[in-house]
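Input: a single structure, listed below in structure tokens.
Heavy-atom basis, side chains included; hydrogens, waters and symmetry copies ignored. Please read all numbers here as calculations on a predicted model, not as lab measurements.
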Amino acid sequence: QVQLMESGGGLVQPGGSLRLSCAASGTIFRINNMGWYRQAPGKERELVADITRSGNTNYADSVKGRFTISRDNAKNTVNLQMNSLKPEDTAVYYCNADVRRSAYVVGTLNTWGQGTLVTVSS
């Protein structure tokens with residue numbers, strides 16, 4: 001089993017900052033891609049940012065220049081630094097990871113966290 005645990009959500013005023021963290025635990029040999037997705041009320045879940053094991057990053061256009069994704073391979077963690085937050089960033093943010101559980105099995109298990117709520121409001 002693999003679990004992803006997010007933390008760091010909360011209420012922040014427009015223009016403020018929050019840092020989300022996600023830690024993976026369980027049977028883990030290696031984690032390939034890690035990412036953050038979000039789902040606002042009444043909308044589809046969308047990619048916010050993702051990062052490869054080697055550190056290559058990809059961002060949604062709506063967050064470029066404001067959000068920064070980073071990871072620590074030794075600790076199996078991924079973070080999302082969110083600056084200049086806007087009301088439209090309000091959503092439940094989900095951590096996602098492609099986890100390889102064994103050196104003897106090439107396939108990965110795509111795993112989701114339970115989500116953390118970010119509310120941007122004055």
Side-chain angles (χ1 to χ4, degrees):
Q1 292 284 358
V2 176
Q3 296 84 36
L4 299 179
M5 182 64 69
E6 301 109 333
S7 61
L11 174 64
V12 63
Q13 293 187 341
S17 298
L18 278 177
R19 183 178 178 85
L20 303 183
S21 296
C22 173
S25 61
T27 305
I28 299 171
F29 169 69
R30 180 180 298 158
I31 301 179
N32 293 343
N33 278 20
M34 302 186 81
W36 289 94
Y37 289 72
R38 66 185 181 188
Q39 187 166 20
K43 294 190 175 181
E44 299 275 327
R45 189 174 298 188
E46 63 176 1
L47 173 69
V48 176
D50 59 16
I51 183 168
T52 66
R53 185 171 179 81
S54 59
N56 293 320
T57 58
N58 175 50
Y59 294 93
D61 287 343
S62 59
V63 307
K64 282 181 181 176
R66 300 188 298 124
F67 291 10
T68 302
I69 190 171
S70 61
R71 65 186 286 175
D72 185 326
N73 292 331
K75 296 181 179 179
N76 291 327
T77 58
V78 62
N79 300 309
L80 186 68
Q81 178 65 42
M82 305 186 294
N83 298 329
S84 303
L85 282 160
K86 304 175 181 180
E88 50 263 44
D89 294 318
T90 295
V92 177
Y93 283 71
Y94 296 90
C95 177
N96 179 266
D98 285 325
V99 180
R100 184 175 170 185
R101 290 180 290 174
S102 167
Y104 306 102
V105 178
V106 175
T108 59
L109 178 68
N110 188 259
T111 304
W112 292 92
Q114 82 288 349
T116 185
L117 178 63
V118 172
T119 303
V120 185
S121 175
S122 55

Q) Going hydrophobic residue to hydrophobic residue with side-chain gaps under 4.5 angstrom, can you get from Val92 over to Val48? A) no
Q: Please report the shortest heavy-atom distance between Asn79 and Arg19, naming the atom on each side.
A: ND2-NH2, 3.2 Å
(Q) I need the full list of salt bridge (Lys or Arg N to Asp or Glu O under 4.0 Å) pairs touching residues 35-44, with sequence neighbours left out, sorted by first then second residue. (A) Arg38-Glu46, Arg38-Asp89
Q. Does the Gln1 side chain pair with the main chain of Thr27, one donor and one acceptor, at a distance under 3.5 Å?
A. no
Q | Same cluster (ILVMFWY, side-chain, under 4.5 Å), Leu4 and Trp36 | A | no
Q.
So Val2 and Ile31, do their side chains get closer than 4.5 Å, heavy atoms only?
A. no
Q.
Looking at Asp50, is its backbone amide N or carbonyl O close enough to the side chain of Asn33 to form a donor-acceptor pair, meaning the two atoms are under 3.5 Å apart?
A. no
Q) Which is it for Thr108 and Val99 under the side chain to side chain contact (heavy atoms under 4.5 Å, CB included) test, yes or no, and what are the steps along the way? A) CA-CA 5 Å; Thr108 59; Val99 180; 5.8 Å; no
Q | Tyr94-Phe67 co-clustered via ILVMFWY side chain contacts under 4.5 Å | A | no
Q.
Just by distance, no angles: are the side chains of Asn83 and Gln81 close enough, under 3.5 Å, to form a donor-acceptor pair?
A. yes
Q: Step through the shown structure and confirm whether more than 12 heavy atoms of other residues, nucleotides or ligands are within 6.0 Å of CZ on Arg101.
A: no
Q. To the nearest 0.5 Å, what is the distance between CG (Asp98) and CZ (Arg30)?
A. 13.0 Å
Q: Look only at the side chain of Asn96 and the backbone of Thr111, and say whether a donor-acceptor pair between them is shorter than 3.5 Å.
A: yes
Q) Do you know which two heavy atoms are closest between Ser84 and Ser17, and how far apart they sit? A) N-OG, 4.4 Å
Q.
Could you report the tightest heavy-atom contact between Arg100 and Val105, atom names first, then the distance?
A. NE-O, 3.1 Å
Q. Just by distance, do the side chain of Arg53 and the backbone of Met34 share a donor-acceptor pair under 3.5 Å?
A. no
Q) Does the side chain of Tyr93 come within less than 4.5 Å of Glu6's, by heavy atoms? A) no
Q | Any donor-acceptor pair under 3.5 Å from Thr90 side chain to Val120 backbone | A | yes
Q. Any sub-3.5 Å donor-acceptor pair from Tyr59's side-chain atoms to Ile69's backbone N or O?
A. yes
Q: Could you tell me whether the side chains of Thr119 and Ser121 share a donor-acceptor contact shorter than 3.5 Å?
A: no
Q) Have Asn73 and Arg71 got a donor and an acceptor in their side chains that come within less than 3.5 Å? A) yes
Q: Verify side chain to side chain contact (heavy atoms under 4.5 Å, CB included) between Ser21 and Thr77, making sure each step is shown before the conclusion.
A: CA-CA 7 Å; Ser21 296; Thr77 58; over 6 Å; no
Q: Please name the pair of heavy atoms, one in Phe29 and one in Ser102, separated by the smallest distance, quoted to 0.1 Å.
A: CB-N, 3.6 Å
Q) What is the ring orientation for Tyr37 with Trp112, classed by angle as parallel under 30°, tilted 30 to 60°, or perpendicular over 60°? A) perpendicular
